[in-house]
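In what follows, a single structure is set out as structure tokens and then discussed.
By convention in this document, chain letters (A, B, ...) are assigned in the order of the sequence lines, proteins followed by strands, and residues within each chain are numbered from 1. All heavy atoms count here, side chains included; hydrogens, waters and symmetry mates do not.
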Amino acid sequence: MSSLPEKYDHTATEKTAQAFWERSAAFKAVEDATKPKYYCLSMFPYPSGKLHMGHVRNYTIGDVLTRFHKMRGYNVMQPMGWDAFGLPAENAAIANKVPPAKWTYDNIEYMKGQLKSLGFAIDWSRELATCKPEYYKWNQWLFLRMLEKGIAYKKTQVVNWDPVDQTVLANEQVIDGRGWRTGAVVEKREIPGYYLAITQYADELLNDLDTLDQWPERVRLMQANWIGKSTGVRFAFPHEIKDETGTLINDGKLWVFTTRADTIMGVTFCAVAAEHPLATHAAKNNPELAAFIQKCKSGSVMEADMATMEKEGLPTGLFVTHPLTGEQVEVWVGNYVLMSYGDGAVMGVPSHDERDFAFAKKYGLTIKQVIAVAGKEFSTEAWQEWYGDKENGVCINSGKYDGLSYSAAIDAIASDIKALGLGDKKLQWRLRDWGVSRQRYWGCPIPIIHCDDCGSVPVPDDQLPVVLPEDCVPDGSGNPLHKRPDFLNCACPKCGKPARRETDTMDTFVDSSWYYARFATPGNDTAMVDERVNYWLPVDQYIGGIEHAILHLLYSRFWTKVMGDLGLVNYREPFKRLLTQGMVLNHLFSRRSDKTGIEWFAPEEIDLVKDEAGRVTGATAKRDGNPVDYGGYGTMSKSKRNGVDPNAMIEQYGADTSRFFMMFTAPPEQTLEWSDAGIEGSYRFLKRVWAFGHVFASQIKPQLPASRTLASAKLNDKLGSLRREIHLLLKQANYDLGKQQFNTVASSCMKMLNALEKAPRDSGIAAEVIEECFGILLRVLSPITPHITHTLWADLGYVKNEGDDILSAPWPEPLEAALVQDEIELVLQVLGKTRGSVKVPAGADNKAIEALAIASEAAQKFMEGKPAKKVIVVPGRLVNIVV
RNA sequence: GCCGGGGUGGCGGAAUCGGUAGACGCAGCGGAUUCAAAAUCCGCCGCCGAAAGGCGCGAGGGUUCGAGUCCCUCUCCCGGCACCA
């Protein structure tokens with residue numbers, strides 16, 4: 001046993017522990033069929049430059065689970081990689097004239113060092129970066145498989161076009177309708193692009209949500225809403241409307257979708273979107289309509305505006321035929337009809353749809369009641385909540401359908417329409433196919449070659465990967481690949497003639513849709529994944545931000561199903577359990593001035609003003625002592641100057657303190673409010689842990705017993721209750737770890753130390769009890785603060801074999817023998833009000849407990865001489881006397 | 001508007017099956033130590049009340065011996081979706 005230094009030196013402690021883990025390859029994961037496996041994964045970071053607090057929180061949660069399961073005997077893998085393609089690298093290139101590749105690799109190097117300084121149990125031998133050809137080769141390979149299966153296909157897409165830079169802009173590069181660099185008004189352009197038919201999997205993606213019972217309910221709901229399944233009838237209004245060349249527009253059919261086919265006899269108009277072909281046609285000789293259509297197209301898409309937007313429309317003067325009644329129905333253009341949903345047209349039933357009702361009232365259209373609801377009176381004056389009451393409605397004024405209920409009417413009407421060849425029942429999805437083409441340089445090249453004779457030709461497998469040149473420096477105008485003949489020029493794989501490579505790259509969501517599978521099969525350069533993938537996958541625990549609740553997780557689920565259908569993997573869902581961690585917030589301080597606008601202050605530039613009760617009543621700037629506005633808590637951001645740098649935190653307090661604070665301050669799913677005083681408190685706790693270990697090691701000098709004698713030893717009151725308390729806290733901590741509620745695990749550790757510090761240390765048996773209890777504390781604490789516990793564990797002489805440390809020690813379990821007690825204290829209630837407590841022997845039956853309770857002083861006082869009518873005994877908890 | 005989640009001290013947050021509300025920490029107050037301060041240690045710390053006691057988990061009602069927890073009504077906050085036909 002070496003003697004511990006008195007003072008807790010976090011820097012030295014952490015360096016030593018990290019060197020040990022590095023030397024012993026402590027985190028290397030090897031497939032082992034004899035052990036249960038546990039694949040713990042945190043969402044990999046974008047290498048933006050340096051870690052932020054959100055990363056620290058995310059990866060600490062993952063690390064706690066990783067270490068906990070390792071000690072529980074699982075074969076654990078925790079890998080890490082880099083989501084390395086993306087726009088910020090191109091922006092940095094424009095600003096600094098550095099190739100995105102260099103910028104990215106430099107950032108990876110730096111951030112990797114930061115992750116190591118936090119002591120995460122990561123198997124770095126599995127590291128990957130999505131910008132490396134050995135990784136993105138398989139993006140390309142799977143894309144080609146999707147092309148073969150018809151899952152990937154080509155169609156035109158609308159993009160933002162900067163006319164000055166002659167380049168396509170991403171949505172986030174368009175600010176108020178203008179290009180971010182040039183300020184030029186952005187145009188919409190139609191260009192060809194590749195799509196992935198995620199809609200082919202819509203049904204399975206929706207249904208399998210039910211199997212994800214370890215995902216947060218809200219994430220499953222968000223995905224279900226996003227997929228947006230609705231059942232209804234799609235049918236057509238026939239018409240004779242022809243364009244100037246004499247051809248029927250849309251083959252003479254105006255298609256609409258409805259979930260309320262039972263109201264079809266109440267149709268008094270149709271409404272189409274501004275982009276609909278009938279609208280375009282009608283606008284040709286109608287300047288007023290053309291202007292209205294223009295207004296709709298350029299209208300605000302802000303959510304708040306949409307919600308309050310007035311329903312507006314104009315008649316087209318065109319008429320279509322009602323498929324069942326043969327009546328002529330006028331077509332309107334409505335600003336509330338979306339071209340992107342269904343067929344961009346709706347039937348108008350003012351009597352039974354709230355929007356149609358408002359529209360009809362505004363323009364004086366006919367309102368024809370076709371559904372009657374018992375107990376409700378129809379009115380053409382005010383909306384009567386008919387729409388929501390469809391289950392109780394019955395058809396009226398509907399000819400042969402009169403008297404039919406909601407579902408019977410839909411069945412009858414759908415089959416009549418089908419017989420006419422004008423439509424059928426149909427599932428409608430909100431989900432749309434995934435456009436993956438990006439007109440950007442820093443991404444995975446789409447493996448297509450354009451030949452004048454053969455058209456778009458897929459790159460043959462043996463020519464993969466299509467390698468992206470890493471030395472381009474984008475300048476903001478166009479894709480730099482266009483200036484690279486060495487990349488651009490190639491031979492057509494079909495005919496051999498000179499051809500051009502596709503310069504579009506893939507959406508970076510492609511890269512992140514399967515990286516978790518590649519971690520299982522590092523180094524394989526002949527296959528995307530191999531049989532090892534079915535050992536490690538699915539991921540047992542995935543941890544990341546709620547902002548990825550929809551797109552990333554949905555795309556990954558889709559990608560998994562495609563890989564499954566190709567026989568590459570044998571699972572259908574990639575992530576068994578999901579934890580979405582909350583954001584990290586900090587105080588916001590600002591001052592508004594007429595000259596400079598809003599000026600933000602960093603928290604360290606501020607003095608808080610408090611009243612005598614410690615309440616914050618205001619804030620002043622240290623600089624001038626004048627007041628600033630306190631804006632509560634907000635997400636940490638550079639522009640608001642309220643970020644906390646992980647490096648500074650680690651330097652000042654150490655990785656263990658940082659990790660402990662993150663775990664202790666808030667439960668993992670909730671937002672975490674930063675507090676300088678809070679991190680001080682965490683540091684104080686670890687200093688006490690260190691000091692206790694020091695005192696324990698140098699003063700008590702326990703003779704670690706070869707065989708434990710405690711189980712049979714008769715302990716005195718103080719030692720017995722200390723031991724019981726520690727084992728109870730351990731039981732609680734184990735329960736909380738199962739719930740993934742780490743804040744209370746941390747607080748259990750604090751309670752253990754509080755109890756240990758008060759314990760008597762005056763006997764050999766005391767030393768033994770303390771040794772057992774402190775050993776429990778160290779192990780429970782170790783997943784959260786691995787460095788300090790590693791050192792104390794070793795210095796107290798627990799390590800028996802070279803290369804072992806606390807991580808290879810077994811997780812402690814509470815001993816029943818330590819929990820029993822001779823006498824238990826029950827809460828005493830009279831008439832449901834707590835009036836004190838009563839001590840009873842551990843084995844006492846209810847009768848004896850009742851008698852003891854009634855006889856107690858406190859009960860006698862509050863019973864006021866009245867007899868007990870009823871006594872309720874909750875074993876081990878309380879006794880309640882009713883008088 | 002719809003769908004989720006939530007409202008507990010000055011603050012972050014505990015409370016497992018309906019059973020002592022406020023664990024643990026922060027801030028605050030008092031004390032010890034110190035020439036002094038920092039650090040450290042000890043004590044107090046929901047509200048009203050001198051005390052006995054009463055009141056307290058967004059508001060109101062209900063079920064129960066007993067409700068932060070279950071049921072109903074309302075309210076506010078957060079997140080998601082949204083003229084979805």
Mind checking side-chain hydrogen bond (donor to acceptor under 3.5 Å, both in side chains) for [X] and listing every partner two or more places apart, or none if nothing turns up?
X	result
A:S747	none
A:E825	A:S837
A:H548	none

Start with the C-alpha gap between A:H694 and A:F692, add the side-chain angles, then the distance that decides, and say whether ring-ring contact (aromatic ring centres under 6.0 Å, His included) holds.
-> CA-CA 5 Å; A:H694 176 261; A:F692 189 84; over 10 Å; no
Check whether any side-chain heavy atom of A:F235 lies under 4.5 Å from a side-chain heavy atom of A:K426, and answer yes or no.
-> no
Can you check whether A:E275 reaches A:L338 side chain to side chain, under 4.5 Å on heavy atoms?
-> no
What does [X] touch in the nucleic acid at a heavy-atom separation under 4.0 angstrom: a base, only the sugar-phosphate, or nothing?
X	result
A:D356	nothing
A:Q741	sugar-phosphate
A:R688	sugar-phosphate

OH of A:Y341 versus P of B:C83: gap in Å, rounded?
-> 11 Å
Rounded to the Å, how far apart are A:M583 CE and B:G79 C1'?
->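 Distance check: A:M583 CE to B:G79 C1' gives 9 Å.
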When syn is taken as a glycosidic angle within 90 degrees of 0, is B:C17 syn or anti?
->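 What B:C17 shows is a syn base, its glycosidic angle lying within 90° of 0.
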Syn-anti status, with the boundary at 90° from 0, for the nucleotide B:G9 =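 Syn, since the glycosidic angle lies within 90° of 0.
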Could you list the protein-to-nucleotides 37-39 of chain B atom pairs, N/O on both sides, closer than 3.5 Å?
none

Check if the side chain of A:K311 and the base of B:C83 share a donor-acceptor pair of N or O atoms closer than 3.5 Å.
-> yes
What residues, two or more places apart in sequence or in another chain, satisfy side chain to side chain contact (heavy atoms under 4.5 Å, CB included) together with [X]?
X	answer
A:T657	A:Y653, A:I679, A:S682, A:Y683, A:L686
A:Q740	A:L65, A:Q541, A:R577, A:L579, A:F742
A:T789	A:L778, A:L781, A:S782, A:T785, A:I806

Taking for each residue the nucleotide of RNA chain B with the nearest heavy atom, is it A:E312 or A:E757 whose nucleotide lies nearer the 5' end?
-> A:E757
Where the side chain of [X] is concerned, which of [options] is the nearest nucleotide?
X	options	answer
A:R218	B:C26, B:C24, B:G4	B:G4
A:I550	B:C24, B:A85, B:C81	B:C81
A:R430	B:U20, B:C24, B:C81	B:C81
A:V337	B:U20, B:G19, B:A85	B:A85

Per the under-4.0 Å heavy-atom filter, residues of residues 220-228 of chain A near RNA chain B come out as A:L221, A:M222
Return the residues of residues 657-672 of chain A meeting this criterion: a heavy atom under 4.0 Å from some atom of RNA chain B. Order them by number, or give none.
-> A:F664, A:T665, A:P667, A:Q670, A:T671
Would you call the rings of A:F257 and A:Y341 parallel, tilted or perpendicular if under 30° counts as parallel and over 60° as perpendicular?
-> perpendicular
Sub-3.5 Å donor-acceptor pair from the side chain of A:H352 to the main-chain atoms of A:I371, do we have one?
->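 At least one qualifying donor-acceptor pair exists.
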Below 3.5 Å between N/O atoms, which protein atoms pair up with nucleotides 60-70 of chain B? Just atom names and distances, please.
{"residue": "B:C65", "atom": "O2", "partner": "A:N880", "partner atom": "ND2", "Å": "2.2"}

Do A:N225 and A:R220 have side-chain atoms, one donor and one acceptor, less than 3.5 Å apart?
-> no
Would you tell me whether A:E669 and A:T580 have side-chain atoms, one donor and one acceptor, within less than 3.5 Å of each other?
-> yes
Distance below 4.0 Å between A:K739 side-chain N/O and B:A15 OP1 or OP2 =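 True: A:K739 side-chain N/O within range (under 4.0 Å) of B:A15 OP1/OP2.
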Base-paired stems that RNA chain B participates in, counting runs of 3 or more Watson-Crick or G-U pairs under 3.5 Å = B:1-7 with B:75-81, B:10-12 with B:24-26, B:28-32 with B:40-44, B:46-48 with B:53-55, B:58-62 with B:70-74
Close N/O contacts between protein and nucleotides 46-53 of chain B (under 3.5 Å):
{"residue": "B:G53", "atom": "OP1", "partner": "A:K861", "partner atom": "NZ", "Å": "2.9"}

Do NZ/NE/NH1/NH2 and the carboxylate oxygens of A:K731 and A:E813 come within less than 4.0 Å?
-> no
Yes or no on ring-ring contact (aromatic ring centres under 6.0 Å, His included) for A:Y633 and A:W674, after CA distance, side-chain angles and deciding distance?
-> CA-CA 9 Å; A:Y633 283 94; A:W674 186 262; over 10 Å; no
